[in-house]
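One structure is given below, encoded as C-alpha cells.
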Amino acid sequence: MSKPTLYNKSCYGLEDIEDNSIDALVTDPPYGLGFQNHEWDKGHVPEKQIWEDSWRVLKPGGYGVVFSFPRLMHRVMIDIEDSGFILKDVLFWANLNGMPKTRNIALDIDKELGVESEIDGEYNYTQGYIKDGADSYKVKERKYRRKPASELGKKYAGSGTNLKPVYEPIILIQKPISESNIAKNVIKYGTGVLNIEDGRIPYSLQERGKKIGHNPHPIGRVPSHILRYEEMNDRYDKFFVIPKVRKQKDLFNYHPTIKPIELMSHLISLVSFKDQLVLDPFMGSGSTALAAIIKERNFIGYEKDKKYFDISQKRIDIELNQKLI
Ligand SMILES: C[S@@+](CC[C@H](N)C(=O)[O-])C[C@H]1O[C@@H](n2cnc3c(N)ncnc32)[C@H](O)[C@@H]1O
C-alpha cells in the first residue's frame with residue numbers, strides 16, 4: 001500500500017487520473033442543501049460532469065458508493081445513470097440523530113392575521129458550531145416561548161413542514177463490465193464484484209458461540225443494505241452499527257460533515273479488495289482516506305478547500321504514524 005495521493009484542487013476533469021485505472025469510487029459530495037450556510041454545499045447537487053469523469057477513470061465493472069440526501073438523491077441518481085453507470089442499490093444509513101428543521105406555522109398564521117401570539121414562558125436559545133476554524137461561536141439569549149392566539153392559529157398548533165431527518169441514502173453504482181462475463185472481467189481488471197466477505201457483519205456478542213441459521217458463516221452475516229445506528233436497540237442485530245460523528249470542540253477537525261471512519265471502512269470493504277485503488281473526488285477532511293489506510297487500500301483524493309485539505313493531510317499523517325508504531 002502506498003501513501004495516499006491528495007490534490008488540493010477542484011475534482012472536475014479528474015485530470016491527474018488515467019482512463020480505466022481506479023478500482024472503486026467512495027465519495028460524500030456536497031448534498032446541495034446549504035448545510036450551516038456553507039458555500040460549497042449551496043444551490044445544487046454536484047455537476048453531472050464529475051460522474052462522467054468518474055466513469056472514465058473507473059475500471060470496467062468497478063463499483064462506487066455515493067452519499068446523498070433523500071429529497072435530492074433523485075437528481076444525483078439521474079446524473080449518475082445518464083453518465084453510463086448502472087444503479088445497483090441504495091444503502092440506507094440510519095443514524096437517528098439529525099436535527100428537525102421545521103417552522104411553527106401556527107405562529108406564522110397569527111402573524112399573517114395581524115394577531116399577536118401569546119407568551120407561554122421563556123427559554124435559553126443556544127446556537128453554536130465551530131465555523132471554518134474560527135473559535136466556536138455560540139449565540140445565547142433568553143427568548144419567549146409563544147403559543148398561537150388566533151382561532152385558526154390554535155387549530156394548526158403543533159403543525160410543521162418537515163420530518164426529523166434520521167437516515168442518509170448511499171447510492172451503490174457500477175460501471176458496466178467490458179468482458180463477456182463477470183469472471184473474465186475480474187481476471188482482466190480485478191473488478192466486477194462486491195467484496196461480500198470483507199464486508200460481513202459480525203454476530204452480536206449474545207449470538208457468538210450459538211448456532212445462527214442453517215449454515216452459519218464463521219465471520220458473520222452477508223452485509224445488508226441497512227446500516228444502522230445502535231440506538232435502534234431492538235435485539236435484531238442483523239445490520240451494521242455506526243454512530244454518527246459528534247463534533248468535538250477540542251479536536252482540530254472542524255469539518256462540518258465528517259463521516260464516521262467505521263462507516264467509510266465498511267463501504268470501502270464492500271466495493272474494493274486489499275491493495276486496490278480507491279478514489280474520493282470530494283474528500284473533505286479525509287475520512288475516506290483514513291478508512292482506505294485502515295483497510296489497506298491505495299487512495300487518491302481531491303479537496304478544493306485548502307483548510308479542509310490541510311486537515312486531511314494532518315489526519316492521514318497521524319493515522320500512518322500510528323500504523324508504523
Ligand atoms: C460533504 S463534504 C465531505 C466530508 C467528508 N466525507 C469528511 O468526512 O470530512 C464535501 C467536500 O467537497 C468539497 N468540494 C466541493 N466541491 C468540490 C470540488 N469541485 N472539488 C473538490 N472538492 C470539492 C467541499 O469543500 C467539502 O469539503
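In this text the structure is predicted, and so the values were computed from the model without any measurement. Order of listing sets the numbers, starting from 1, for every ligand and every atom in it. If you read the sequence from its start, that first residue is 1, and numbering goes on from there.
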ask   = If you measure from atom 18 (C) of ligand 1 to every heavy atom of K9, K304, H255, which option wins on shortest distance?
value = K304

request  = Side-chain contact test, heavy atoms from C-beta onward, threshold under 4.5 Å: evaluate it for V45 versus P29 and give yes or no.
outcome  = no

Top protein contact for atom 19 (N) of ligand 1, by heavy-atom distance = S10 OG, 3.1 Å

query = What part of F282, side chain, backbone, both or neither, has a heavy atom within less than 4.0 angstrom of ligand 1?
reply = both

query = What is the distance from atom CZ of F282 to atom CG of D305, rounded to the nearest 0.5 Å?
reply = 13.5 Å

request  = Tell me which one of V26, T27, D28 gets a heavy atom nearest to atom 3 (C) of ligand 1.
outcome  = D28

message = Test of understanding: given a 4.0 Å heavy-atom threshold, classify the contact between Y12 and ligand 1 as side chain, backbone, both, or neither.
response = side chain

query = What residue and atom, counting heavy atoms only, is the protein's closest point to atom 24 (C) of ligand 1, and at what distance?
reply = E303 OE2, 3.5 Å

ask   = With a cut-off of under 6.0 Å to the ring centre and 45° to the axis, is K306 in cation-pi contact with F309?
value = no

request  = Could you check L6, D16, I50 and say which one makes a side chain to side chain contact (heavy atoms under 4.5 Å, CB included) with Y302?
outcome  = D16

inquiry  = So if I count the atoms of ligand 1 from 1 in the order they appear, which ones are less than 4.0 Å from some heavy atom of Y308?
reply    = 25 (O), 27 (O)

Within-shell test, M264 vs ligand 1, heavy atom, strictly < 4.0 Å = no

query = Under 3.5 Å, side chain of D275 to main-chain N/O of N298, donor-acceptor pair present?
reply = no

ask   = Which one of D110, V115, L113 satisfies the side chain to side chain contact (heavy atoms under 4.5 Å, CB included) criterion with L152?
value = L113

key: atom 9 (O) of ligand 1: nearest protein contact (heavy atom, Å)   = S285 OG, 2.6 Å

ask   = Among protein heavy atoms, which sits nearest to atom 15 (C) of ligand 1, and what does the distance come to when rounded to 0.1 Å?
value = P30 CG, 3.6 Å

request  = List the closest protein heavy-atom neighbour of atom 8 (O) of ligand 1: residue, atom name, distance to the nearest 0.1 Å.
outcome  = S287 OG, 2.6 Å

key: Proximity to ligand 1 by part of K259, non-hydrogen separation under 4.0 Å   = both

ask   = Contact between P281 and ligand 1, counting heavy atoms under 4.0 Å?
value = yes

task = Hey, could you give me the NZ/OH distance between K175 and Y189, rounded to the nearest 0.5 Å?
result = 8.0 Å

ask   = For ligand 1, is there an N or O atom under 3.5 Å from any N or O atom of C11?
value = yes

key: Cation-pi geometry met for K259 and F67 (6.0 Å, 45°)   = yes

query = Should I182 and V193 count as side-chain neighbours, where that means a heavy-atom distance under 4.5 Å?
reply = yes

